[in-house]
Number of protein chains: 2
Amino acid sequence: MRISSKGDYGLRALFDLAQRYGKGPVQSEDIARRQGIPINYLNQLLITMRRAGLIESLRGPQGGHMLARSPETITLRDVLIALEGPLLPGDGTREDLIPGVPEDHDLIDEVWSELRAQIETLLSRTTLDDLCQRKRQRAGSVMYYI
Amino acid sequence: MRISSKGDYGLRALFDLAQRYGKGPVQSEDIARRQGIPINYLNQLLITMRRAGLIESLRGPQGGHMLARSPETITLRDVLIALEGPLLPGDGTREDLIPGVPEDHDLIDEVWSELRAQIETLLSRTTLDDLCQRKRQRAGSVMYYI
DNA sequence: GTATTCTTGAGCAATTTGCTCTACTATGGC
DNA sequence: GCCATAGTAGAGCAAATTGCTCAAGAATAC
Ligand code: FES
Ligand code: FES
């Protein structure tokens, strides 16, 4: 029930890309420097995210990474599932554990399932674009109050 | 972002106790047998839960474990926090990771914080008593349809 | 006092986390 | 075609966590 550094760093990187969406590829070294992510580790995460279809990458000079879709269509759920694997247990429920009294076991499995569904809808409500908007708002109000 | 065997086994054990609430102490061996939990491991978990104030334990013959509070007052949040530690990162945010651009970093920290709060309220909505009621309902309808 | 039941803490293999490093591949510009 | 610039792939690795087991001890009912 935690978010590992993958999810944290990964979201930072995607947020970085979201702020530069539509302005050409961003190099991993730039992301790493700005967001304070160990570059070797970030490269790994970027590959994972590309394989998950969240970003696209171009090699060679002037290459880099960019969001594969617009920021409004990428949710926290997408990010966390790509980086941390399926939420809660396995796909459905934990088949690796020893079961107990069937009625009780099934009931609890259901609870976990419902919980996962609820958490996923919760996560689906926040997009990368929401983060960008929040940042702009904040920048605006800071200006305002100075 | 997963629930480990601690949370799973722990909830099973508490559910077992909830179904026997008010009927005297239940021995760990009985819980282990019914719910299919390795007994040595279960003993560990029971101690953790006692230290968290969820159960009370009595030693000696006819000893055992019982809920410290009534099942309506014990929520999934209590269970998971006791067994899995604080939800999401540390207490507030992950101070172990390298920060990046302060505006971005603070924004993302906020997102994690809000997320944790939302997940906690979600978890707080289900109590052990809810599980017991669901089981009774289910048993009822099974009877009915046979 | 003795059988019963919880308590404490050590120990341990297997897995996961959080990285680093090396080698390779693709591409743009000259 | 050459070469500098990026991304890609995967091995490797120390440290932490997971999922347990086990042995020794302490409390209590009878
Ligand atoms: S595996 Fe946990 S209750 Fe089914
Ligand atoms: S530690 Fe992750 S953004 Fe702050």
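Chain letters run A, B, ... following the sequence lines, proteins first, then strands; residues in each count from 1.
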When you compare the side chain of A:Lys135 with that of A:Gln19, does any pair of heavy atoms fall below 4.5 Å?
yes

Would you say a side-chain N or O of B:Tyr9 is under 4.0 Å from OP1 or OP2 of D:dC20?
yes

How many Å lie between CD1 on A:Ile3 and C1' on C:dT16, as a whole number?
17 Å

From CG of B:Leu46 over to C1' of C:dT7, roughly how many Å is that when rounded to an integer?
11 Å

Pair A:Arg34 + A:Asp30, salt bridge at N-O below 4.0 Å
no

Starting from C1' on D:dT21, measure out to CG on B:Leu45 and report it in whole angstrom.
13 Å

Quick check: on DNA chain D, is the nucleotide nearest A:Gly63 upstream (toward 5') of the one nearest B:Ile39, or the reverse? Name the residue that is more 5'.
A:Gly63

For the pair made of CG in B:Leu83 and P in D:dG19, what is the distance, rounded to whole Å?
12 Å

Without decimals, in angstroms, what is the distance between B:Asn43 CG and D:dA24 C1'?
14 Å

Distance check: side-chain N/O of A:Arg50 vs OP1/OP2 of D:dT8, anything under 4.0 Å?
yes

Please answer whether the main-chain N or O of B:Ser70 pairs with a side-chain N or O of B:Thr73 as donor and acceptor at a distance below 3.5 Å.
yes

I'd like a table of atom pairs between the protein and nucleotides 11-18 of chain D - only N or O on both sides, under 3.5 Å - with the distance next to each one.
none

Less than 4.0 angstrom from a charged side-chain N to a carboxylate O is my criterion; do B:Asp16 and B:Arg12 meet it?
no

Rounding to a whole Å, what distance do you find between B:Asn40:CG and D:dA23:P?
10 Å

Verify the neighbour count for atom CD of A:Glu29: are there more than 12 heavy atoms of other residues, nucleotides or ligands below 6.0 Å?
no

Does the side chain of B:Ser57 get closer than 4.0 angstrom to OP1 or OP2 of C:dT7 through an N or O atom?
yes

Nearest whole Å is fine: how far is C:dT7 P from B:Met49 CE?
11 Å

Under 4.5 Å between any side-chain heavy atoms of B:Ile31 and B:Val26, yes or no?
yes

Only counting residues at least two apart or in another chain, list the ones meeting salt bridge (charged side-chain N to carboxylate O under 4.0 Å, His left out) with B:Arg125.
none

We want to know whether B:Asn40 and B:Gln44 form a side-chain donor-acceptor pair, criterion being a heavy-atom distance below 3.5 angstrom.
no

Choose from D:dT8, C:dC19, D:dT21 the nucleotide whose nearest atom is closest to any side-chain atom of A:Pro38.
C:dC19

Could you state the CG-C1' distance from B:Leu42 to D:dC20, rounded to the nearest angstrom?
12 Å

Nucleotide N/O to protein N/O under 3.5 Å, stretch nucleotides 26-30 of chain D:
{"from": "D:dA27", "atom 1": "O4'", "to": "B:Arg59", "atom 2": "NE", "distance (Å)": "3.4"}

Under a plain distance cut-off of 3.5 Å, with no hydrogens placed, do A:Asp8 and A:Ser5 share a side-chain donor-acceptor pair?
no

